Protein chains: 2
Amino acid sequence: MQAVGRMAGVSQVTVSRALSDPSKVSPETLARIHAAIAATGFVPNALAGALASHKSMLVSALVPSMTNIVYSSMLATFSEELRARGYQILLSETGFDAEQEAATVELHLSRRPDAILLTGVHHAPRTRKMLLGAGIPVVEVWDITETPIDLCVGFSHPASGHTMADFAVSAGYRTAVGFSAGDERARRRLAAFAERFSAQSGTPVPVKVTAVGGLAQGRAMLADVLDSGTFQGGLIACSSDVLAHGVLIEAAARNLTVPEDLAVIGFGDQDLAAAVEPPLTTIRVNREALGRSAASLVLARIRGEDPAHPVIGVGFSLIRRRSA
Amino acid sequence: MQAVGRMAGVSQVTVSRALSDPSKVSPETLARIHAAIAATGFVPNALAGALASHKSMLVSALVPSMTNIVYSSMLATFSEELRARGYQILLSETGFDAEQEAATVELHLSRRPDAILLTGVHHAPRTRKMLLGAGIPVVEVWDITETPIDLCVGFSHPASGHTMADFAVSAGYRTAVGFSAGDERARRRLAAFAERFSAQSGTPVPVKVTAVGGLAQGRAMLADVLDSGTFQGGLIACSSDVLAHGVLIEAAARNLTVPEDLAVIGFGDQDLAAAVEPPLTTIRVNREALGRSAASLVLARIRGEDPAHPVIGVGFSLIRRRSA
DNA sequence: TTGTACGCGTTATCAA
DNA sequence: TTGATAACGCGTACAA
């Protein structure tokens, strides 16, 4: 900035002002400064700026996995909203491990973000402590709690499982099995489904769990319950659309008709849900709205406001298509 | 650090040393310092550290889309390698637009990253200039060029199209159509396929293009060529596995048998390629190796080394399964 | 093994 | 409308 100022015939401070609040600089000097910037290729140092102003214009986001469309799609709108206000996103994966999350939080905090987004509501005690100590807005998403660290936007996973079960019962299904991915939230959804469905139908609901929830795992699980005789028709409730899609593929490969021979219900309403054959009955969560709400809550808190509702339930809805 | 030092009975510098190089501090004082850190909940300020040391321990990564598994999977290994060396990734989406990329590069440069990763080899002139001026390692990935800004790890998209065509001809297909996503690299792949296939088979290859390459678009494109009579059997070459998967779904919905009634070839060898029915013949790019090579090239350059081969071709291979 | 002094490149405060 | 000066919280000499 000093070099730019020298070239424009002004001091370093004036260059700083020209960049942060052009209205405080006369049009003529502003022009000279811009000319100097263009000539030198000067790029301001945001590190120094952040250090001096105590504003990093950085927002941290921690998600279990960035290759999972479920998280990346809500992040897309979250970061879009924040980028519009000049914030940049510092993104990290935490896996599904609380200790790894704690380590990542510490790393992020050292960059002095102006706010931080966490996935889920269950964290290591140390994580909570660090976050409280940091004194910045914290928003927990993709789950819901009455006792958030600060802010929370999400929905109840058990409630979504209950909704699936109620639908299944009312649609006339009397037997069911559950296929779940290994992460804690998926298991809570399926556990709630199994508990409610078996209570209403009187038949127990076995729940199979796989570490990762891919297409291949969906196929393999269906093959497994079919070959072992665990499943003789009825409904297959899956913790994700991808798993459900795998079930569809395996069923087709065995010349089984969906939903006649077996019915399938997914979770997430990803793009593929409507595009597969038959289209998937699934639970839709408005991920974009979730990301947007999280952003506006954070933005309000950064402005110093105290939101009337620090916990926002975005809800979900069952989309009935042809698979069940 | 001063406060921590006071509590531990040492100066600020000693605290700094305890954190950056514990071997330079006596075990006793180290213990006192760690106790003080634990007591105060002190988290070092990486902004100040970066400002003083001229090392931000930050590496920028710019990808067209983070919801696209193709990019996020190579990023996963890239960031894993760098995280192991203490670097953090500053990630941004650029869409498929050169101007947006330039603006994002400028934003990232203001954070003084120690290196930067760019997707593709075609950039705005201004981007090249800024990057050269920044004087940091730059690695361009997912495409290849003889004249990189600095480093390059990727493969030739036209060559992959030629490989598809050569396979198709040798497998006996005499007619083909191409389905391509709208991005520049996808189109180059399909254009190369069409050119080579028609040269060898003597029949022209129409190429359909869709802005986004989703499952629904794959279905719609197949429905379209079938209903309009543009396609009467032969091979469908797709710019991605997802598009190919859409073709598979639509074919099954119409009771068409693959590969007998129509054959399909994809690109990318994503997880789904082996899991669908029939499994997809596709082009595999080792995305993990790509991310890893990019990381080690960058790391070497950061260490001040001059890599013998600044341009690395990772190549690709055709995986023949049952769809073609 | 530890400490002193200084500088990194900005913003904030105050004065002109 | 502009400038001088002092932080911001660390690392890096250099000295002890």
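Quick note on labels: first sequence line is chain A, next is B, and so on, each numbered from 1. Small disclaimer: the values here were computed from a predicted structure and weren't measured.
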Item checked: Distance in Å, B:I33 CD1 paired with B:M7 CE, rounded so as to fall on 0.5 Å steps -> 12.5 Å
Check: Rounded to whole angstrom units, what separation is found between the CZ atom of A:R6 and the C1' atom of D:dG3?
Finding: 16 Å
Note to self: Can you measure B:L19 atom CG to D:dG9 atom P for me and round it to whole angstrom units?
What the structure shows: 16 Å
Note to self: Looking at every non-hydrogen atom in both residues, tell me the closest pair between B:H108 and B:S60 and how far apart they are.
What the structure shows: ND1-OG, 2.8 Å
Checklist line | Rounded distance [0.5 Å steps], CD1 in B:I302 versus CG in B:L297 | finding: 11.0 Å
Next item on the list: Return the nearest nucleotide to the side chain of A:S11; candidates are D:dA4, D:dG11, D:dT12.
Entry: D:dA4
Note to self: Looking only at the side chain of B:A48 (C-beta and beyond, no hydrogens), which of the listed nucleotides D:dG9, D:dA13, D:dA7 gets closest?
What the structure shows: D:dG9
Notebook entry, point to check: From the 5' end of DNA chain C to its 3' end, which nucleotides mark the outer limits of contact with chain B, defined by a 4.0 Å heavy-atom distance cut-off (strictly under)?
Noted result: C:dT1 to C:dG9
Notebook entry, point to check: If you check the A:H54 side chain, which of D:dG3, D:dG11, D:dG9 turns out closest?
Noted result: D:dG9
Notebook entry, point to check: Using a cut-off of 4.0 Å on non-hydrogen atoms, how would the nucleic acid contact of B:T29 be classed: base, sugar-phosphate, or nothing?
Noted result: sugar-phosphate
Check: How do B:V25 and B:S53 order along DNA chain C: which one's closest nucleotide is nearer the 5' end?
Finding: B:V25
Check: Which nucleotide sits closest to the side chain of A:T14: D:dC10, D:dT12, D:dT2?
Finding: D:dT2
Notebook entry, point to check: Of A:R17 and B:A46, whose closest DNA chain D nucleotide lies nearer the 5' terminus?
Noted result: A:R17
Notebook entry, point to check: Touch check for A:K55, heavy atoms < 4.0 angstrom, all strands: base, sugar-phosphate only, or nothing?
Noted result: nothing
Check: Can you check whether B:L62's main-chain N or O pairs, donor with acceptor, with B:T94's side chain at less than 3.5 Å?
Finding: no
Checklist line | Between D:dA7 (P) and B:L51 (CG): distance, integer Å | finding: 17 Å
Note to self: I'd like to know if A:R188 pairs up with A:E184 as an ion pair, taking the criterion as any Lys NZ or Arg NE/NH1/NH2 lying under 4.0 Å from an Asp or Glu carboxylate oxygen.
What the structure shows: yes
Item checked: Distance in Å, B:L58 CG paired with B:D114 CG, rounded so as to fall on 0.5 Å steps -> 7.5 Å
Next item on the list: Would you indicate whether the side-chain heavy atoms of A:T145 and A:V311 approach each other to under 4.5 Å?
Entry: no
Note to self: At 4.0 Å (heavy atoms only), tell me whether A:Q2 reaches a base, stays on the sugar-phosphate, or touches nothing.
What the structure shows: nothing
Note to self: Could you tell me how far apart A:K24 (NZ) and D:dT1 (P) are, to the nearest whole angstrom?
What the structure shows: 10 Å
Checklist line | Interatomic distance where CZ belongs to A:R111 and P belongs to D:dG9 [whole Å] | finding: 17 Å
